[in-house]
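Numbering of ligands and ligand atoms starts at 1, following listing order.
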Amino acid sequence: MKGLAMLKIGEIGWIEKDKPDIGPMDALVKPIALAPCTSDVHTVWGGAIGERHNLILGHEALGEVVEVGDMVKDFKPGDRVIVPAITPDWGSSAEQKGFPSQSGGPLGGWKFSNFKDGVFAELFHVNQADYNLALLPKGMSLEAGVMIPDMLSTGFMGAENANIPMGGSVAVLGIGPVGLSAVAGAAILGAGRIFAVGTRPNCIDVAKKYGATDIISYKDGDTAQQIVDATDGEGVDAVIIAGGSQNIILDAVNAAAAGSVISNANYFGEGETLPIPRAGWGFGMADKDFATGLCPGGRVRMERLADIVTYNRMDPALMATHVFHGLDSVEEALLLMKDKPRDLIKPVVIIEE
Ligand code: NDP
Ligand code: ZN
């Protein structure tokens with residue numbers, strides 16, 4: 001089978017590999033829709049997870065089951081499925097402690113295009129199929145469905161971890177597809193006022209549709225100050241970080257009110273340490289907490305996110321600004337994700353309607 005791989009840091013290319021073997025609890029799946037991610041860009045061109053050779057990329061997919069192991073009860077060949085970006089080891093100690101995304105070590109639930117071949121291939125392997133796959137609801141568009149495995153799961157996690165009070169104010173720093181999903185998640189969770197921070201016009205348009213009440217440009221001066229001024233000096237009840245480099249933590253802490261949670265979904269690619277503003281953090285005593293998390297995976301999570309789409313709480317297809325067709329075009333889609341033209345939110349690749 002062929003797949004689009006990271007050949008080494010900074011280089012991608014198509015390679016041939018043997019079809020993956022599956023264990024008794026696993027499934028072999030072929031993709032029907034794919035999406036490249038900012039994380040794929042960080043992996044290849046930022047060296048985010050270190051050197052990898054001939055590792056097939058991609059972790060965002062909808063698929064069709066081709067083969068299942070003897071112990072798989074709920075899925076059979078031909079089923080159309082949502083494949084979570086994160087496929088934890090269910091039954092691991094981390095899962096039993098309540099943190100399945102960290103099973104097998106820090107970020108260990110992230111297997112595709114990290115510890116094993118990813119989904120940008122003719123076929124891919126899914127561990128513990130009954131626990132990780134979810135049926136794709138009939139009638140859901142592939143453009144909407146393919147946002148579920150990572151964008152909705154990660155963005156909503158950002159909102160969930162932020163402990164937003166009903167009617168509370170939230171600032172979402174960064175409104176690419178992760179931040180936009182966080183805006184939608186905050187609105188669904190009952191936020192009152194939602195500040196969305198970004199500059200790309202398409203993103204701003206979708207942020208408003210997802211419930212943003214105030215748009216802030218980080219290019220118009222200090223982000224935190226703009227938010228503090230707009231809230232009569234109070235700051236916001238919750239902050240979600242979904243973009244920017246390490247100094248965005250300064251904005252997050254300075255914009256946060258006492259009693260707030262600063263919920264991070266962002267990847268920080270530089271520096272041995274990250275900054276916290278000493279005064280803004282009340283010299284360590286400001287009642288401003290941090291929360292972090294890796295995208296949640298697993299079947300129940302995917303089924304619940306699918307219900308949010310099915311029952312029209314938000315429309316993730318609004319983020320699919322660039323639609324490609326055929327497995328081969330995943331290369332062009334990934335390069336587009338790397339270049340991030342200003343009209344891009346998220347490219348998707350449709351393989352089979
Ligand atoms: P994008 O690059 O599409 O979006 C980034 C956003 O951040 C843009 O809106 C951009 O604004 C904004 N931004 C840039 N600089 C600043 C700044 N100084 N202040 C405020 N906003 C700023 O990224 P994605 O949405 O695809 O991904 C966001 C992050 O989430 C990435 O780091 C990605 O690796 C990470 N991620 C984390 C996961 C997890 O499991 N925790 C899973 C998936 C992704 P502008 O409108 O000007 O472009
Ligand atoms: Zn992703």
Candidate pair D222 and Q226, rule side chain to side chain donor-acceptor pair (under 3.5 Å), full reasoning: CA-CA 6 Å; D222 185 280; Q226 293 186 65; over 6 Å; no
Test salt bridge (charged side-chain N to carboxylate O under 4.0 Å, His left out) on K19 and E122; report intermediate values, then the result. CA-CA 9 Å; K19 146 182 131 145; E122 287 173 302; over 6 Å; no
Using the rule given for side chain to side chain contact (heavy atoms under 4.5 Å, CB included), can you reason through F156 versus R301, listing the C-alpha separation, both sets of side-chain angles and the distance that settles it, and then say yes or no? CA-CA 11 Å; F156 286 5; R301 177 75 172 177; 3.8 Å; yes
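Note on ligand 1: D150 sits in its first shell, one or more heavy atoms being nearer than 4.0 Å. Taking a 4.0 Å cut-off on heavy atoms, A242 registers as neighbouring ligand 1. Residue contact annotation: G293 has a non-hydrogen atom under 4.0 Å from ligand 1.
Residue C295 approaches ligand 1 through these ligand atoms, each under 4.0 Å from one of its heavy atoms: 39 (C), 40 (O). For ligand 1, the atoms sitting less than 4.0 Å from at least one non-hydrogen atom of I175 are 6 (C), 8 (C), 9 (O), numbered in the order shown with element in parentheses. Near Y267, with a cut-off below 4.0 Å to any heavy atom, the atoms of ligand 1 are 32 (O), 34 (O), 35 (C). Residue-ligand proximity, I248 to ligand 1, at heavy-atom distances under 4.0 Å covers atoms 17 (C), 19 (N), 20 (C), 21 (N). Against a heavy-atom cut-off of under 4.0 Å, N266 is close to the following atoms of ligand 1: 29 (C), 31 (C), 32 (O). Atoms of ligand 1 found under 4.0 Å from any heavy atom of S39 (numbered from 1 in listed order, with element): 34 (O), 43 (C), 44 (C). Here is the list of ligand 1 atoms found below 4.0 Å of a heavy atom in L294: 40 (O).
Ring planes of W281 and F290: tilted class, angle from 30 to 60°.
If you check each of A265, G269, A182 against atom 35 (C) of ligand 1, the one with the closest non-hydrogen atom is A265. For atom 24 (P) of ligand 1, the choice among L180, N264, T38 with the nearest heavy atom turns out to be T38.
Residue-and-atom listing of protein N/O/S atoms under 2.8 Å from the Zn ion (ligand 2), sorted by chain and number: C37 SG, H59 NE2, E60 OE2, D150 OD2.
Using a 4.5 Å heavy-atom threshold, the side chains of C203 and V206 count as separate.
At a threshold of 4.0 Å, the pair R299-D74 counts as salt-bridged, since one of the basic side-chain nitrogens sits closer than that to a carboxylate oxygen. D89 has a carboxylate O that lies under 4.0 Å from a charged side-chain N of K111, or vice versa, which qualifies the two as a salt bridge. Residues D328 and K2 are paired through a salt bridge, judged by an N-O separation under 4.0 Å between the basic side chain and the carboxylate.
An N or O contact shorter than 3.5 Å links P177 to ligand 1 by distance. The shortest N or O to N or O distance between R200 and ligand 1 is under 3.5 Å. Inclusion of G179 in the set of residues having an N or O under 3.5 Å from an N or O of ligand 1 is not warranted.
Applying the ring-ring contact (aromatic ring centres under 6.0 Å, His included) rule to F195 yields no partners; only residues at least two apart in sequence or on another chain are considered.
The part of H42 lying near ligand 1 is the side chain, judged by heavy-atom distances below 4.0 Å.
Using modelled atom types and a 3.5 Å distance limit, the side chains of D26 and H125 yield a donor-acceptor pair. Judged purely by distance below 3.5 Å, without hydrogens or angles, the side chains of T87 and N127 pair a donor atom with an acceptor atom. There is no side-chain donor-acceptor pair under 3.5 Å between T213 and K208.
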